[in-house]
Amino acid sequence: MRFSTKAIRVGQEPDSATGSIIVPVYQAVNYVFDDVGRPRGFEYSRTANPTRTAFEECLASLEEARFGTAFSSGMAAVDGVLSLLRPGDHVVSARHIYGGTSRLFEAVYRPRGVDFTYVDGTRPEAFSEALRPNTQLIWIETPANPLLQLVDVGAVAGIAREHGAKLVADNTFASPYFQRPLTQGVDVIVHSTTKYISGHSDVIGGAVLTSDESLHERIRFYQNAAGAVPGPWDCWLSLRGLKTLAVRMRQHAANAQAVAEYLTGHPKAQEILYPGLPSHPQHELARRQMDGFGAIVSFRLKGGATEVSRFIKTLKIFLFAESLGGVESLVCHPATMSHAGLTPAEREQAGITDQTIRLSVGIEDTEDLLEDLDRALQAC
Ligand SMILES: *Cc1c(COP(=O)(O)O)cnc(C)c1O
């Protein structure tokens with residue numbers, strides 16, 4: 001089966017009891033045993049639930065993974081992977097990663113004795129320079145938020161393998177439709193399924209995918225022990241979203257390409273960043289390791305605070321909100337939203353200014369999006 005067929009069929013055989021073509025919401029905590037020591041496959045829903053299993057199997061197939069574990073949020077999935085670490089371990093991470101992930105590294109795992117080194121993710125050599133004998137994990141996110149830097153996945157996978165470290169990739173921005181890191185040498189993928197996987201801004205969730213049985217068992221053991229499981233309704237919504245991932249991603253990317261090209265010609269916009277533009281510093285790498293370029297576009301608005309506020313307030317179709325990956329287009333101001341936790345100096349080092357605007361381009365009609373941007377740029 002190919003991608004779209006797998007999204008619609010894997011893990012989703014018609015229900016054995018009723019023939020329902022849709023996997024039911026198994027709103028159940030416990031399951032009868034057939035005999036002493038003989039459960040039918042499910043025992044207690046913290047450990048496993050049939051609706052969750054369907055979602056896990058489907059997403060694992062799309063990432064070409066042998067094993068999938070769904071979590072109650074993207075951060076719980078990240079924490080599930082970090083549970084592999086022990087005091088004294090070391091992690092090399094790309095500098096540009098999701099803010100919640102760095103917070104978990106620094107505010108939770110560092111005080112517990114895990115050390116982290118951050119490197120420029122665009123330079124594969126930087127990862128090997130930072131390795132230590134106790135480096136257990138290398139952490140990457142590509143494309144990264146909000147400036148769309150890419151990591152050369154194959155090159156970093158080679159470095160990790162040679163050192164005996166495990167490579168973890170946060171594949172939230174690309175989704176498996178545009179990038180399948182396990183096929184490029186990554187050991188573990190994490191997702192915030194809140195974003196493109198679910199795709200409709202109505203459910204928080206996460207997932208870990210891997211083909212390494214021992215890593216899978218350790219992460220699964222931790223999840224069952226600590227309990228950050230998603231409920232059956234959330235899994236059902238995520239599975240419903242996943243069925244249309246391919247068509248959504250095609251429209252997301254077509255709209256994002258149109259928006260990026262439109263902004264490129266506009267006198268009030270500068271430094272337009274989208275991996276699908278030939279002007280993106282890593283466009284060639286994007287073409288090599290991705291099948292499409294995603295739907296996040298960043299740029300700098302010319303002017304000051306007044307112009308930024310006028311631009312955002314004039315937009316009607318782009319909603320002014322956090323997050324990304326839903327069918328509706330969003331505009332975000334990273335300096336006061338996603339990256340407000342950084343100091344001004346840290347933001348400057350990360351390349352985020354008060355004029356940086358991030359668009360999460362949805363799947364509305366392209367012309368409506370361009371007209372909306374045009375009106376807002378004229379107003380400022
Ligand atoms: C949103 C996000 C997360 C965190 O996921 P939640 O579902 O919000 O917990 C992690 N990584 C990336 C890249 C994200 O965009």
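Counting starts at 1 for both ligands and their atoms, in listed order.
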Trainee: Could you list which atoms of ligand 1 come closer than 4.0 Å to a heavy atom of Asp170?
Mentor: 10 (C), 11 (N), 12 (C), 13 (C)

Trainee: Taking the ring of Phe105 and the ring of Trp139, is the distance between their centroids below 6.0 Å?
Mentor: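 So the answer is yes for these two rings.
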
Trainee: Would you tell me whether Lys243 and Gln12 have side-chain atoms, one donor and one acceptor, within less than 3.5 Å of each other?
Mentor: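 Note: Lys243 and Gln12 side chains meet the donor-acceptor criterion.
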
Trainee: Using a distance-only test with no angle check, is there a side-chain donor-acceptor pair under 3.5 angstrom linking Asn255 and Glu364?
Mentor: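 Looking only at side-chain atoms, Glu364 and Asn255 do not form any donor-acceptor pair under 3.5 Å.
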
Trainee: Number the atoms of ligand 1 from 1 as they appear, then name those within less than 4.0 Å of a heavy atom of Gly205, with their elements.
Mentor: 7 (O)

Trainee: Please identify which atoms of ligand 1 are closer than 4.0 Å to at least one heavy atom of Glu141.
Mentor: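 Once the distances to Glu141 are compared, the set is 13 (C).
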
Trainee: Any idea which protein heavy atom is nearest atom 7 (O) of ligand 1, and the distance to it?
Mentor: Thr194 OG1, 2.7 Å

Trainee: Please determine whether the number of non-hydrogen atoms from other residues, nucleotides or ligands lying under 6.0 Å from atom CZ of Phe320 exceeds 12.
Mentor: yes

Trainee: Can you sort out which atoms of ligand 1 are near Gly74, meaning under 4.0 Å from one of its heavy atoms?
Mentor: 5 (O), 6 (P), 7 (O), 9 (O)

Trainee: Is the His191 to Tyr196 ring centre distance short of 6.0 Å?
Mentor: no

Trainee: Return the closest protein heavy atom for atom 10 (C) of ligand 1 as residue, atom name and distance.
Mentor: Tyr98 CD2, 3.4 Å

Trainee: Please check whether Met75 reaches ligand 1 - meaning an N/O of the residue sits under 3.5 Å from an N/O of the ligand, judged on distance alone.
Mentor: yes

Trainee: Got more than 12 heavy atoms from elsewhere within 6.0 Å of CZ, Arg66?
Mentor: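 Yes.
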
Trainee: If you have a sec, work out which protein heavy atom is nearest atom 14 (C) of ligand 1 and how many Å separate them, to one decimal?
Mentor: Lys195 NZ, 3.0 Å

Trainee: Return yes or no for this condition: an N or O of Ser192 is under 3.5 Å from an N or O of ligand 1.
Mentor: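 N/O-N/O distance below 3.5 Å exists for this pair.
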
Trainee: With salt bridge (charged side-chain N to carboxylate O under 4.0 Å, His left out) as the test, would you mind laying out the steps for Asp291 and Arg180 before giving the verdict?
Mentor: CA-CA 9 Å; Asp291 298 330; Arg180 287 160 307 283; 2.6 Å; yes

